[in-house]
Protein chains: 2
Amino acid sequence: MAANVGPGSGGAGTERISEAELAVMEALWLTSPQTAAEVCDAVCTQRGWSIPTVKTLLSRLVAKGALATKPDGRRFLYTPRIARHDYVGTESKRLVERLFGGRAAPLFAHLAESEALTADDISEIERLLQEMKK
Amino acid sequence: MAANVGPGSGGAGTERISEAELAVMEALWLTSPQTAAEVCDAVCTQRGWSIPTVKTLLSRLVAKGALATKPDGRRFLYTPRIARHDYVGTESKRLVERLFGGRAAPLFAHLAESEALTADDISEIERLLQEMKK
DNA sequence: ACCTTACGATTACGTTTGTAATCTGAACGG
DNA sequence: CCGTTCAGATTACAAACGTAATCGTAAGGT
């Protein structure tokens with residue numbers, strides 16, 4: 001029953017979420033709570049998965065403390081225990097840490113160079129910079 | 001030349017580099033070529049590794065096509081087959097793809113919010129933006 | 001009271017990763 | 001020549017991951 005968020009504990013979201021697990025999280029971040037079957041509806045065809053796969057991933061995510069469960073009759077409703085916002089922030093920072101020594105500017109330079117920046121991105125970033133200076 | 005870089009081939013750097021392997025690559029990006037022992041000098045104490053570990057990682061990186069070897073007497077000299085610049089670019093783009101739907105602006109917003117942006121980063125980014133507009 | 005069925009739980013199994021120990025063969029010291 | 005030593009190569013083995021089949025059980029229909 002959920003109470004336990006992980007062996008070493010440390011709060012929700014301490015443990016790493018794998019690529020496949022992320023797809024499940026995304027579905028639940030989009031709408032939650034959902035049953036396993038509903039999550040499967042959302043991801044199975046897209047990823048070529050079968051229901052057992054989704055159930056395994058759900059269980060692992062619960063074990064990792066990334067999802068909470070609430071019994072609903074005889075099945076479970078799954079809900080994220082960590083906000084997508086937080087997850088994404090942590091992962092972004094991890095990348096900047098790992099690859100750019102914690103400096104964001106070189107990352108930006110790379111994205112610029114590889115044309116991963118659309119015109120919209122650029123003006124949006126300018127806007128954010130303006131705002132930060134206030 | 002460059003002939004066979006791996007079973008499925010696809011050019012150097014096609015296969016994913018793991019976290020531990022990355023430490024080895026970093027050492028070789030810093031200075032190369034190096035022998036296994038030299039790489040160990042560079043990373044073993046830092047990561048708490050022993051020489052066999054480094055050798056395993058080197059072998060796996062060679063198998064993945066990320067490193068080239070040149071015999072030097074009875075040992076090997078290892079050299080990166082992919083530039084750090086390229087690796088970092090690919091990984092950055094992958095993150096933006098996976099977490100931000102390919103848009104860089106939200107990533108930037110996250111970094112800004114989490115104070116992962118130093119004053120230096122900000123002015124550097126402004127400079128880059130200026131340059132892009134030309 | 002059954003039988004089916006729809007759940008979660010348990011088990012499975014190959015691959016990748018982290019972290020090594022051991023084996024094998026060649027070079028070097030004597 | 002012969003043993004020690006130092007390479008790379010082979011083997012090891014547990015944890016995490018990707019992907020699932022099977023088991024057990026409780027709910028619902030009849």
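Order of the sequence lines sets the chain letters (A, B, ...), proteins ahead of strands, with each chain counted from 1. Quick caveat: nothing in here was measured; it's all calculated off a predicted structure.
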Rounded to whole Å, how long is the line connecting atom [atom1] of [X] with atom [atom2] of [N]?
X       : N      : atom1 : atom2 : result
B:Lys55 : D:dA12 : NZ    : C1'   : 17 Å
B:Lys70 : D:dG8  : NZ    : P     : 16 Å
A:Glu38 : C:dC7  : CD    : P     : 10 Å
B:Leu58 : D:dA9  : CG    : P     : 10 Å
B:Gln46 : C:dT19 : CD    : P     : 13 Å
A:Arg75 : D:dA27 : CZ    : C1'   : 12 Å
B:Ile51 : C:dA20 : CD1   : C1'   : 12 Å
A:Phe76 : C:dG8  : CZ    : P     : 7 Å

I want to check something: taking the side chain as every heavy atom from C-beta on, are [X] and [Y] in contact at a cut-off of under 4.5 Å?
X       : Y       : result
A:Val39 : A:Tyr78 : no
A:Trp29 : A:Ile82 : yes
B:Arg16 : B:Arg94 : yes

For the residue pair B:His85 / A:Glu113, report whether a side-chain donor-acceptor contact shorter than 3.5 Å exists.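 Short answer, yes.
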Expected output: side-chain B:Thr45 to main-chain B:Asp41 donor-acceptor under 3.5 Å: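 Looks like no, no N/O pair under 3.5 Å.
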Give the intermediate values and the outcome of salt bridge (charged side-chain N to carboxylate O under 4.0 Å, His left out) for residues B:Lys93 and B:Glu97. CA-CA 6 Å; B:Lys93 208 141 73 165; B:Glu97 215 64 63; over 6 Å; no
What nitrogen or oxygen pairs link the protein and nucleotides 17-26 of chain D at under 3.5 Å?
residue: D:dC17; atom: OP2; partner: A:Lys64; partner atom: NZ; Å: 2.9
residue: D:dG18; atom: OP1; partner: A:Ala20; partner atom: N; Å: 3.4
residue: D:dG18; atom: OP2; partner: A:Ser18; partner atom: OG; Å: 2.4
residue: D:dG18; atom: N7; partner: A:Arg60; partner atom: NH1; Å: 2.9
residue: D:dG18; atom: O6; partner: A:Arg60; partner atom: NH2; Å: 3.2
residue: D:dT19; atom: OP2; partner: A:Trp49; partner atom: NE1; Å: 2.9
residue: D:dT19; atom: O4; partner: A:Arg60; partner atom: NH2; Å: 3.1
residue: D:dA20; atom: OP2; partner: A:Thr53; partner atom: OG1; Å: 3.2
residue: D:dA20; atom: O5'; partner: A:Ser50; partner atom: OG; Å: 3.3
residue: D:dA20; atom: O5'; partner: A:Thr53; partner atom: OG1; Å: 3.3
residue: D:dA20; atom: N7; partner: A:Thr56; partner atom: OG1; Å: 3.1
residue: D:dA20; atom: N6; partner: A:Thr56; partner atom: OG1; Å: 2.5

In sequence, state the C-alpha distance, the side-chain angles, and the governing distance for A:Arg103 and B:Glu124, and then conclude on salt bridge (charged side-chain N to carboxylate O under 4.0 Å, His left out). CA-CA 11 Å; A:Arg103 301 292 317 279; B:Glu124 172 72 2; over 6 Å; no
In residues 28-36 of chain B, which residues come under 4.0 Å of DNA chain C by heavy atom?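 Nothing qualifies; none.
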Does the pair B:Glu26 and B:Arg84 meet the rule for a salt bridge (charged side-chain N to carboxylate O under 4.0 Å, His left out), with working shown? CA-CA 8 Å; B:Glu26 293 286 6; B:Arg84 181 183 146 88; 2.5 Å; yes
Is there a path from B:Val88 to B:Leu28 through hydrophobic residues (I, L, V, M, F, W, Y) whose side chains come within less than 4.5 Å of each other?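 Linked within one cluster.
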